[in-house]
Amino acid sequence: MGFAKPTTRTIARVRSLRIMARGRAEERTGTHLEFNVLAKHKRARAATLRLKKYDCSTPMFMPVGTQGSVKGLTNRQMEHLGCQVILGNTYHLQLKPTSELLDQVGGLHQFETWRRGLLTDSGGFQMVSLLKLAKITEEGVVFQSPRDGQEMLLTPEESIKIQNRIGADIIMALDDVVHSCTADPARFEEATHRTLRWIDRCIAAHDREHDQSLFGIIQGGLDPKLREICLKGMLERGDHLPGYAIGGLAGGEDKNAFCKVVSQCTAALPEDKPRYVMGVGYPLDILVCTALGADMYDCVYPTRTGRFGTALVPEGVLKLRHKAMKHDFRPIDEECDCMVCKTYTRAFLHSLVAKEPLGSLLVTYHNVRYMMRFTGEMRASILDGTFEKYACRFISKHYPDGDVPQWVQSAMSDADIDISSVCDSSDVPPAKRQRV
């Protein structure tokens, strides 16, 4: 697949749009998003993110609802579990039910009767997940629908217009996404500069700045120079971007490299705006990113792994399909306050997960609650100044023998969080751990 270079006409158009975008600053009165940092522990921070419909507490995990709702759970259940924001997928929502239909009924909030926050991605991630069905040019991305084969052109302008019609509280700029493990430096450089050209087209197309907050996305792969270029460019857009996301990660790249990118970006981003690490859902990763100064996360991991019968617990994961669960009459997690842990045993869930849909739904329910409790505990520890102690307790439960991975040790050191008390002083490379 070839990648088109920007023409003279396109460059002139982008320059014109940049002037238009800057000019709109005088016409608009601001955004509905407010972000207030309440406390910090080293780089970790606890904040309030005020949206039009709901006040959110960070650190915050956002479950993924591709069509706007989380599979197997009702919106009232999601509220009861403590979910603050659900992430919807622009590409899939445009295919069905369509943004035009959502606009007719007052947006996705109204369509699905969700009373809290919504965030929509831009459709950019599909450049990676549907790469065989996509062609990327300077104009935008041409997707071939996996449903009926019909082509769909997604430009920065169209992505924003679709998201304006969907009506989420937070919308994402269309960026040029490259899989983090791609061995093509030139492609990363191209994508970084294109992301900066596209952000001006997104800003100029955004017609609802008064009630929808547009986040820019920092790209650049694992190259610190490219990340610096993208950071500088996004920061130049000023108040047009009430928040920022760190994109292009969580694709299987080396964990040390992942943490270095997060550390670099959070250190450079403004203190008074939210920082969102996209696609991160493993609790340990979230702990580390929070220590490095990030605020928001999303991933399909907790719900998808729940549907396959794997529960999240303080020690890592609990595989309920394992034969050892057959005669285990304890709850999934004795510390958890969710309905599943208060009502059902591991043995009962073991009898369901391989055969009955109810089993998958119950484990999903627990996993969502686990993530809400986990991020809530981090927040509480930051507020009362005990985050370092909390991090040590969390890590020691995952690695009771002290074999903490080197990437965790390095990242926490970068965050100025001392976890030496729970690490094996011999610093032996960690062996693979398998838990049931």
Side-chain angles (χ1 to χ4, degrees), residues 56 59-89 92-93 108 112-119 121 125 129 250 278-287 296-322 324-326 328-378 435-436:
C56 304
M60 172 175 65
F61 178 78
M62 303 176 289
V64 175
T66 301
Q67 300 290 153
S69 62
V70 176
K71 290 182 181 178
L73 299 178
T74 68
N75 286 342
R76 297 297 83 81
Q77 286 177 316
M78 293 299 291
E79 289 182 8
H80 183 71
L81 289 168
C83 177
Q84 304 178 86
V85 175
I86 292 176
L87 185 145
N89 184 286
H92 291 287
L93 285 168
L108 185 57
E112 65 172 6
T113 64
W114 174 244
R115 298 176 291 198
R116 298 186 179 180
L118 284 173
L119 180 151
D121 67 5
F125 178 70
S129 63
M278 307 179 77
V280 172
Y282 294 145
L284 182 59
D285 291 0
I286 291 176
L287 177 80
M296 302 164 59
Y297 313 93
D298 83 279
C299 192
V300 299
Y301 171 72
T303 50
R304 180 175 289 172
T305 197
R307 293 196 295 273
F308 286 95
T310 298
L312 303 179
V313 292
E315 297 76 22
V317 297
L318 186 74
K319 297 181 179 180
L320 290 162
R321 292 191 179 204
H322 196 282
M325 299 294 105
K326 186 175 181 180
D328 192 334
F329 300 103
R330 295 173 293 169
I332 292 175
D333 178 3
E334 294 180 351
E335 298 178 4
C336 183
D337 60 1
C338 81
M339 171 272 296
V340 176
C341 290
K342 287 183 175 181
T343 310
Y344 302 108
T345 65
R346 298 178 180 186
F348 174 73
L349 294 167
H350 168 78
S351 71
L352 292 181
V353 290
K355 301 177 182 179
E356 300 292 337
L358 177 61
S360 297
L361 299 182
L362 292 174
V363 182
T364 299
Y365 186 97
H366 162 79
N367 283 358
V368 171
R369 181 56 187 157
Y370 175 90
M371 296 301 294
M372 300 303 113
R373 290 177 58 242
F374 163 55
T375 50
E377 289 169 359
M378 283 198 299
R435 304 186 190 281
V436 297

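As a basis for the values below, the full set of heavy atoms in this structure was taken, side chains included, without hydrogen atoms, waters or symmetry mates. Not measured: the values here are computed from a predicted model.
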| request: Flag yes if more than 12 heavy atoms outside Arg116 fall under 6.0 Å of its CZ atom; otherwise flag no. | output: yes
| Considering only heavy atoms from C-beta outward, does the side chain of Leu118 approach that of Val85 to under 4.5 Å? | no
| query | Between Ile286 and Pro59, is any pair of side-chain heavy atoms under 4.5 Å apart? | reply | no
| Sequence neighbours excluded, every pair satisfying salt bridge (charged side-chain N to carboxylate O under 4.0 Å, His left out) that has a member inside residues 352-364 | none
| request: Using side-chain hydrogen bond (donor to acceptor under 3.5 Å, both in side chains) as the criterion, list what pairs up with Asp285, not counting sequence neighbours. | output: Lys255
| remark: Applied to residues 335-357, the ring pair (Phe, Tyr, Trp, His ring centres under 6.0 Å) test, sequence neighbours excluded, yields Tyr344-Phe348
| Mind checking what makes side-chain contact (heavy atoms from CB on, under 4.5 Å) contact with Leu361, not counting sequence neighbours? | none
| note | Applying side-chain contact (heavy atoms from CB on, under 4.5 Å) to Val64 and not counting sequence neighbours gives Thr66, Leu87, Asp298, Val300
| field | Counterpart residues, side-chain contact (heavy atoms from CB on, under 4.5 Å), relative to Thr375 (two or more places apart) | value | Phe61, Met378
| Pairing residues for Arg76 by the salt bridge (Lys or Arg N to Asp or Glu O under 4.0 Å) criterion, not counting sequence neighbours | Glu79
| said: Among Cys83, Cys299, Pro302, exactly one meets side-chain contact (heavy atoms from CB on, under 4.5 Å) together with Met371. Which residue is that? | reply: Pro302
| query | Would you say Leu287 and Phe374 make side-chain contact, with heavy atoms under 4.5 Å? | reply | yes
| query | Any ring pair (Phe, Tyr, Trp, His ring centres under 6.0 Å) pairs touching residues 297-317, not counting sequence neighbours? | reply | Tyr282-Tyr301
| query | Can you list the residues that meet the side-chain contact (heavy atoms from CB on, under 4.5 Å) rule with Gln77, with sequence neighbours excluded? | reply | Leu73, Thr74, Tyr365
| field | Stepwise salt bridge (Lys or Arg N to Asp or Glu O under 4.0 Å) check, Asp333 with Arg373 | value | CA-CA 12 Å; Asp333 178 3; Arg373 290 177 58 242; 3.8 Å; yes
| Pro63 side chain reached by Lys71 side chain, heavy atoms, under 4.5 Å | no
| request: With sequence neighbours excluded, tell me which residues meet salt bridge (Lys or Arg N to Asp or Glu O under 4.0 Å) with Glu335. | output: Lys397
| field | Pairing residues for Asp328 by the side-chain hydrogen bond (donor to acceptor under 3.5 Å, both in side chains) criterion, not counting sequence neighbours | value | Arg330, Arg346
